[in-house]
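Keep in mind it's a predicted model, so treat the numbers as computed, not measured. Just follow the structure's listing: the first ligand is 1, and inside any ligand the first atom is 1.
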Amino acid sequence: MTQRIHLLPPQVADAIAAGEVVERPASVVKELCENALDAGATRVEVDVDGGGLVRIRVSDDGAGIAATDLPLAVARHATSKIAEVDDLWRVRSLGFRGEALASIAAVSELCITSRTRDSDAAALLRVRAAELVEEAPTAAAPGTAVEVRDLFFNTPARLRFLRTPRTETTACIRAVGDMALSHPAVAFTIRCDGRIALRSPGGGTLRDALRATLRTDRYAELIDVALDGEVSVRGAVSQPRAHQATRGGMVLIVNTRRVHNRALLAAVEEAYRGLLPGDRHPFGVVVVEIDPNSVDVNVHPTKREVRFREEGRVFAAVQRACWAALQGASPSSAWLEWDAAHGGVPQAFLSVRQHGPQETAAAALRLPGMGIEWRSLATANAPLPEASAEAQGAPDAEAPPPSAAAEPLGDPAGLGALGQLRAVGQVGNAWLVADSPRGVVLVDPHAAHEKVLYAELLAAWGSAGGVAGRGGEGGAAQLLLLPAVVECDAPQMARYEAHAGFVQSCGFTLEPFGPNLLRCTAVPAAARAADAARLVVELLDTLDLGDRPASERQHRVAALVACHSAVRLGDPLDVAEQQRLLDRLVAAPGGTTCPHGRPTVMVLEDAALRKAFRRPA
Ligand code: ADP
Ligand code: MG
């Protein structure tokens, strides 16, 4: 049955967060899609022409609006979704303010055609700049279509704030992509200037919706997130080896609503701590389901923000869920691929699926005398054309193009998936070679040792990011035979004073030794062989964190100590040492990347080697 529309009493209207609902074409698309979803639609079709300024049309197969209610639908504060102030705390629909159609109708020519399921005729209502132009019966299938033309024709100031039609179109596609992700059971299509830009199947799974909205190479890098409880967390987030330059790639959904919430985003990013380079960000979707009574959706005019009654619990759940998922991250993998185009000359391509700033440096590697050139597929292949739509986040210029030749690994499951790692030896005092049931594993000993020390330090310091109960000796304090005296400037001294207790708890013993001098008599045992004076200076600089959370400070100090203490590339290791390092690496959470986000291991899959050496699989 169709709910009737009514005007909200003034006290309810006044309790609604006021502000501009329609900022740009994408806000129109979002509001109209939300109305379709609230009407129980299973299919929503969106057309956007000329960046949305020429025409936006959203049609659905939902409940429809009774002909007599059409004029009310475009009246301000008229809604069928809430009736009293308390309803604002139990909102289950996406809309509730009764403002969207009125606001859009005020700045465009808006035409609604609608037919309820139990009526055999449709009705049409046309409004221009809030003035009624036409009201008439018409023929249409059950459902609603809203067409918006000449958006902002009477508000030139608003027009001036818009970006290029292309950018506005992209924002519209993104809005529909967000809808598809938050409502995987609904089939969405968006056509831009007549061309389909995105189509979701509506099959009901988040994975299907993700496949429809993400570039294939990004989709291939997702790990599932699942945590049940009073706060349920689902989703799919990027492997630590895949990351992007901006924060815009992480879509947060709370109770089917796409929201922007800095703290929630920080909770996701916290789960990646020690896994990503400092300036890079993960992408994906995190869906939080929680009792609607504990979420306030009435805080922002476009409903893009929400407030939680118990923020801490929600953030902890999100952080825990993502962290658990990331324990299953898979190592960077390399593929060998014969290039048929080179005929008889054996030519192999080495593709390193490791996304990051350093990959260009490793692009080409020639093996002398073998007639084999190893190249990164990322540079060997011309970029593929942009997939249907890059709905999530700004297209990432640094991400390598999807490679047709590279088959992604099967289900990601952490370093453990490689099975028993047996140390075989070391190449040029640098790379370790290990034997695995999956193939040949190459290890960067410095990165691996860094990760091991980092995880063990955090465990010793009692941080959630560490290996519980496997702290090792590295975290305890080690007295220095010769104390180090460090000269500090005033800010360094001030930071030391602010964090003296914390520094002590990390295993450093520092004391003032004169006006601008500190004396260091002990360091964390892991760092016993490091240059104490240099370490202390960097420690003092690392402490400059303002009011960042203590866990972040701990992460930074652990990463710093690990970096100073780990074996160097070029240090020879005997086989027993190599094996010990491998065993500790497998035990370290998130062992596939070092605390700065560099990969620790590369896998040359047996299957790829067989192909390259023309051996039957
Ligand atoms: P709100 O969604 O906050 O109620 P709107 O201005 O977006 O306010 O819509 C006003 C009313 O018009 C809605 O409450 C709903 O009853 C009706 N309506 C709008 N769009 C649709 C649609 N696509 N299908 C059915 N009813 C709709
Ligand atoms: Mg609405």
Side chains of residues 131-138: which donor-acceptor partners sit under 3.5 Å, not counting sequence neighbours?
from, atom 1, to, atom 2, distance (Å)
E134, OE1, R126, NE, 3.0

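R307 CZ: 12 or fewer foreign heavy atoms inside a 6.0 Å radius. The neighbour count for E230 CD, taken as heavy atoms of other residues, nucleotides or ligands under 6.0 Å away, does not exceed 12. The local environment of CZ in R207 is crowded, with over 12 non-hydrogen atoms from other residues, nucleotides or ligands closer than 6.0 Å.
Ordered by chain and number, N35 OD1 make up the set of protein N, O or S atoms under 2.8 Å of the Mg ion (ligand 2).
E45 has no carboxylate O lying under 4.0 Å from a charged side-chain N of R57, or vice versa, which leaves the two without a salt bridge. Of the charged side-chain nitrogens involved, at least one lies within less than 4.0 Å of a carboxylate oxygen, so that D47 and R191 count as a salt-bridged pair.
Listed as neighbours of ligand 1 are I5, N35, A36, A39, D60, G64, I65, A73, A78, T79, S80, K81, G95, F96, R97, G98, E99, A100, L101, T144, each bearing a heavy atom under 4.0 Å from the ligand.
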Please test K30 against N35 for side chain to side chain donor-acceptor pair (under 3.5 Å), starting from the C-alpha separation and ending with a verdict.
CA-CA 9 Å; K30 169 178 175 284; N35 282 347; over 6 Å; no
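H596 pairs by the ring-ring contact (aromatic ring centres under 6.0 Å, His included) definition with nothing, not counting sequence neighbours.
Checking R174, R24, R163 one by one against E168, the salt bridge (Lys or Arg N to Asp or Glu O under 4.0 Å) holds for a single residue, R24.
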